[in-house]
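Since the structure is predicted, the reported quantities are computational estimates derived from the model, not experimental observations.
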Amino acid sequence: MGVVFRKRQKIGPLILNFTENGFSSWSFKIGRWSWNSRTRAHRVDLPGPLSWKQDKSRS
């Protein structure tokens, strides 16, 4: 397993994700709900280590 470069820049509820190749995706997070532009998945953080995710293919 190699070392992977990742960087996140937060601007309020908007999160910009970068890799060694440059910009990769953006996310939007409000409270426990979030949406990612690359995976187009909705995610809700649940209590403890759990979360719920809905992929674009299952909508």
Side-chain angles (χ1 to χ4, degrees):
M1 177 184 265
V3 177
V4 177
F5 172 80
R6 290 188 190 164
K7 174 141 176 96
R8 299 176 88 194
Q9 180 69 36
K10 292 180 85 175
I11 304 169
L14 183 66
I15 302 168
L16 304 174
N17 302 301
F18 298 91
T19 63
E20 65 271 356
N21 296 327
F23 178 76
S24 66
S25 66
W26 60 274
S27 302
F28 195 70
K29 182 169 173 114
I30 298 177
R32 295 179 176 238
W33 175 84
S34 65
W35 183 82
N36 184 282
S37 67
R38 185 174 53 85
T39 60
R40 299 184 193 266
H42 297 269
R43 184 179 298 263
V44 177
D45 295 331
L46 299 174
L50 304 174
S51 67
W52 173 83
K53 178 181 164 187
Q54 180 183 17
D55 295 328
K56 67 176 180 175
S57 60
R58 297 185 180 212
S59 54

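- With sequence neighbours left out, the side chain to side chain contact (heavy atoms under 4.5 Å, CB included) criterion links Leu16 to Gln9, Ile11, Leu14, Phe18, Phe23, Trp26.
- Here the closest non-hydrogen pair linking Arg38 and Ser25 is CB-CB, 3.7 Å.
- The side chain to side chain contact (heavy atoms under 4.5 Å, CB included) check on Arg8 picks up Ile15, Asn17, with sequence neighbours excluded.
- Summarising the geometry, atom NZ belonging to Lys7 is positioned 13.0 Å from atom OG belonging to Ser24; distances are rounded to the nearest 0.5 Å.
- Between Pro47 and Arg32, the closest side-chain pair of non-hydrogen atoms falls below 4.5 Å.
- Taking the side chain as every heavy atom from C-beta outward, Asp45 and Lys29 approach each other to under 4.5 Å.
- Val4 belongs to no multi-residue hydrophobic cluster, having no ILVMFWY side-chain contact under 4.5 Å with any other such residue.
- Between Phe28 and Trp33, the angle of the ring planes goes over 60°, which puts this pair in the perpendicular group of the 30/60° scheme.
- Legend: residues meeting side-chain hydrogen bond (donor to acceptor under 3.5 Å, both in side chains) with Trp52, ordered by chain and number and at least two apart, are absent.
- With sequence neighbours excluded, the residues satisfying side chain to side chain contact (heavy atoms under 4.5 Å, CB included) with Thr39 are Asn36, Ala41.
- Every residue two or more places apart in sequence or in another chain was checked for a side-chain hydrogen bond (donor to acceptor under 3.5 Å, both in side chains) with Thr19, and none qualifies.
- Interatomic distance, CD of Glu20 versus CZ of Arg6, reported as 9.5 Å (0.5 Å rounding).
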